[in-house]
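Written out below as structure tokens is the structure these notes cover.
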Number of protein chains: 2
Amino acid sequence: MDMTIKDVAKIAGVSPATVSRVINGTKPVSEEVTKRVLDAIEKTGFKRNAAARSLVVKRSNLLGVIIPDISNMYFSELIKGIDSMAHFYNYNIILSSSSTNENREVECFNLLLEKGVDGIIFTAYRYVRDPIYKIIDRASIPFVSLNRKCRNTISIRVDNTKESYEATKYLIKLGHRNIAFISGYFDDDASGIQRMDGYKKALKEYGIPIRQNLICEGDFTFKGGYNGAEKLLMFNKDITAIFAVNDEMAYGVMAYIQDIGLKIPKDISVMGFDDVAYSQNFRPRLTTVHQPIYDIGEMASKTIIKAINEGFREDDIIVKGGIAVRESTRRIE
Amino acid sequence: MDMTIKDVAKIAGVSPATVSRVINGTKPVSEEVTKRVLDAIEKTGFKRNAAARSLVVKRSNLLGVIIPDISNMYFSELIKGIDSMAHFYNYNIILSSSSTNENREVECFNLLLEKGVDGIIFTAYRYVRDPIYKIIDRASIPFVSLNRKCRNTISIRVDNTKESYEATKYLIKLGHRNIAFISGYFDDDASGIQRMDGYKKALKEYGIPIRQNLICEGDFTFKGGYNGAEKLLMFNKDITAIFAVNDEMAYGVMAYIQDIGLKIPKDISVMGFDDVAYSQNFRPRLTTVHQPIYDIGEMASKTIIKAINEGFREDDIIVKGGIAVRESTRRIE
DNA sequence: TGACATTAAGAAAGCGATTTCCTATAATTG
DNA sequence: CAATTATAGGAAATCGCTTTCTTAATGTCA
């Protein structure tokens, strides 16, 4: 049923080697023979068998992508960028949702490795620990880690501390003093914690005391933001601004504020982080730290493909962020 | 560098065949030998080469997934379901964004076929035409088409006409008579058009004249919804409800309404379609036609894997929807 | 105890491509 | 024009695994 290169060769009256040469352009083939081969391919609808091919060329033109939750806008935009650039370079991506589960994450790495991907782009959920480091160190392909520095790996990320520092400073300059913060997991070892560092640094710089009860642990979900806001506002009536460590939580915060009948930004200013697509759309539009998410995705693909071809395995690329000022924050006296 | 089954065999002091049997459990191997093989695998970090394997077993355990835009919430939830169930059955998914481009769509099919996927799940962007039918008819793997009936293919979908009819009826029963409709593309041949049919059917049934200027062509994007609302409300001051053919456009509609200072649902009711995750979150919460998106994804995986194993290629599965009543609609006199 | 059935493990073929090595023909050159 | 060099295309090896076909060893039964 499915045609092989031999079938095509027979029909075109040439050897399989010649068919291969026509397809890949690896060696000159006369015009006349080329035409015969092309015709045979067209006629048979032949598609070369990728398994057989990668067995000999030792490349699959497949990129593995591991992310915690594909239905999170941040990740879907990222993937869109990754896929687009991968496609440009003739790669396809194998997607693997690690959920929010470390074992599953390890499983994803192993599965992708077994599938013979040429490289893996991943965003670790919470931390990167020994089992994953062991896999990375053993494997012979390059890895790109997004949003987190990671040994033996190419990392691409914004300067979380700095961006968060700037965002906090922006709120302070608007006159806010009682700025609450909804973080990621306290035992996270990357973006969440770094963003908290930036927040604290800005407060310190302006001589504003860090109040532990204005800092609330979050989980990057809408509900986490909602609950965080509830907890914060219930006990701290003086809060004038809330800075959430990602946009999804910021929208949760806004929902709570709206639910208790307050207005944004009149009563409370809200600042997010990430600048996912809907933050420019949904009302009120969110003031947030902009990450060029799609571009980071594209960069990840481009970089890993370069790494595959040139053989390097480590780098640390910082991309620029910036504050997208929109409607959810305002100046106060 | 990378270990092969031969290396493992040598270290364990057995033949490659035996190693294969231990890994796959295809034939009994004595306990003692099994242990030696397992140890060797552990020690070497051996991962079997998927290319070599699928070359002989003629299966890749890979599912192709083609969707127009992964950064659209509807599709990302879908993919989450697909991936989750695929993982359960030991499959991985290769994702391919077709963008909103027919040529690219065809390319995606061909690329996935070449990669040797065992089946393809797709959501066509606008219509399915000859080039794609040709591919489907020629291929020896099963296809699942989401949200659209399609020849020689297993389709899974909600009854768009019926659900849309019910939604419109719901608005009518709330007292609305001047119900505007923002459709998909007018030349779409599936969900968009079917949803419009349902809308018209309900109006007819209640003796409400269909006013062509209350129907506006949309494109499934936020901006499309926003612009549509603008166009509709600019010229038809009597509109009391707007029914958009998907949630993203419904949020665009709501944004426009808010921007001109009107209130939802006090001044205008808004109805969506799809019930993506954020529709339960963002305020005001959207009243919308519920599709069990994640479940449809799971079902797609399960069904296609069954089709792969049992060899069938055609079916038409209708899943139940229903109206999720929330905050964006209200009763009027 | 001899004949037969069972069982574990090895040898070797084969999956469908690519690629190296080789040959036959055409082209080039002194 | 003979000798050398280019060039197109074929034959066969190879990639790493699975699987069929054997074989040797053990167990069973009359």
Side-chain angles (χ1 to χ4, degrees), chain A residues 1-41 44-62 90 113-118 139-141, chain B residues 1-38 40-41 44-62 90 111 113-118 139-141:
Chain A
M1 167 95 206
D2 274 341
M3 290 291 156
T4 74
I5 203 171
K6 272 191 190 170
D7 301 319
V8 174
K10 193 167 295 173
I11 292 177
V14 299
S15 75
T18 301
V19 177
S20 171
R21 281 164 195 149
V22 170
I23 296 171
N24 301 298
T26 35
K27 258 193 160 186
V29 175
S30 76
E31 217 165 291
E32 186 241 330
V33 172
T34 301
K35 192 177 171 320
R36 257 160 45 211
V37 170
L38 257 22
D39 285 351
I41 290 176
T44 53
F46 165 75
K47 296 215 159 38
R48 74 178 161 202
N49 181 318
R53 170 163 230 267
S54 33
L55 183 56
V56 15
V57 302
K58 290 176 183 337
R59 299 202 294 112
S60 61
N61 276 52
L62 247 29
N90 240 292
L113 247 17
E114 244 191 59
K115 294 286 181 195
V117 297
D118 296 335
S140 52
I141 57 170
Chain B
M1 167 96 208
D2 274 341
M3 290 290 156
T4 74
I5 203 172
K6 271 192 191 171
D7 300 319
V8 174
K10 193 167 295 174
I11 292 177
V14 300
S15 74
T18 302
V19 177
S20 171
R21 281 164 194 147
V22 169
I23 296 172
N24 301 300
T26 35
K27 261 192 160 186
V29 175
S30 76
E31 216 165 293
E32 185 240 331
V33 172
T34 300
K35 193 177 169 319
R36 257 162 41 213
V37 170
L38 257 23
I41 289 176
T44 53
F46 165 76
K47 298 216 154 43
R48 77 175 161 207
N49 180 318
R53 169 163 230 268
S54 34
L55 184 56
V56 14
V57 302
K58 288 174 185 340
R59 298 202 296 109
S60 61
N61 276 52
L62 248 26
N90 241 294
L111 234 46
L113 246 18
E114 247 192 54
K115 294 286 180 197
V117 297
D118 296 336
S140 51
I141 57 171

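All heavy atoms count here, side chains included; hydrogens, waters and symmetry mates do not.
Contacts of B/G13 with the nucleic acid, taken as non-hydrogen atoms under 4.0 Å apart, involve only primed sugar atoms and P, OP1 or OP2.
For the pair A/S54 and D/dC15, the criterion of a side-chain N or O lying under 4.0 Å from OP1 or OP2 is not met. B/S30 has no side-chain polar atom (N or O) that falls below the 4.0 Å cut-off from OP1 or OP2 of C/dT7.
Partners of B/S30 according to the side chain to side chain contact (heavy atoms under 4.5 Å, CB included) rule, which considers only residues two or more places apart in sequence or in another chain, are B/E32, B/V33. The side chain to side chain contact (heavy atoms under 4.5 Å, CB included) test applied to A/K35 returns A/D39, not counting sequence neighbours.
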Original post:
Base, backbone or nothing for each nucleotide of nucleotides 14-24 of chain C, written B, S, -, heavy atoms under 4.0 angstrom, 5' to 3'?
Top reply: BBBBSBBB---
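The distance from atom OG of A/S15 to atom CD1 of A/I5, rounded to the nearest 0.5 Å, is 8.5 Å.
Side-chain atoms of B/I23 and B/F46, non-hydrogen and from C-beta on, do get closer than 4.5 Å to each other. Using a 4.5 Å heavy-atom cutoff, the side chains of A/L62 and A/K115 are not in contact.
At whole-Å resolution of the value, CZ in B/R36 and P in C/dA8 are 15 Å apart. When rounded to the nearest whole Å, the span between CZ of B/R59 and P of D/dC17 equals 17 Å. Note: NZ (A/K115) to P (D/dC17) measures 14 Å, nearest angstrom.
Side chain to side chain, B/R53 and B/N24 meet the donor-acceptor criterion of an N or O pair below 3.5 Å.
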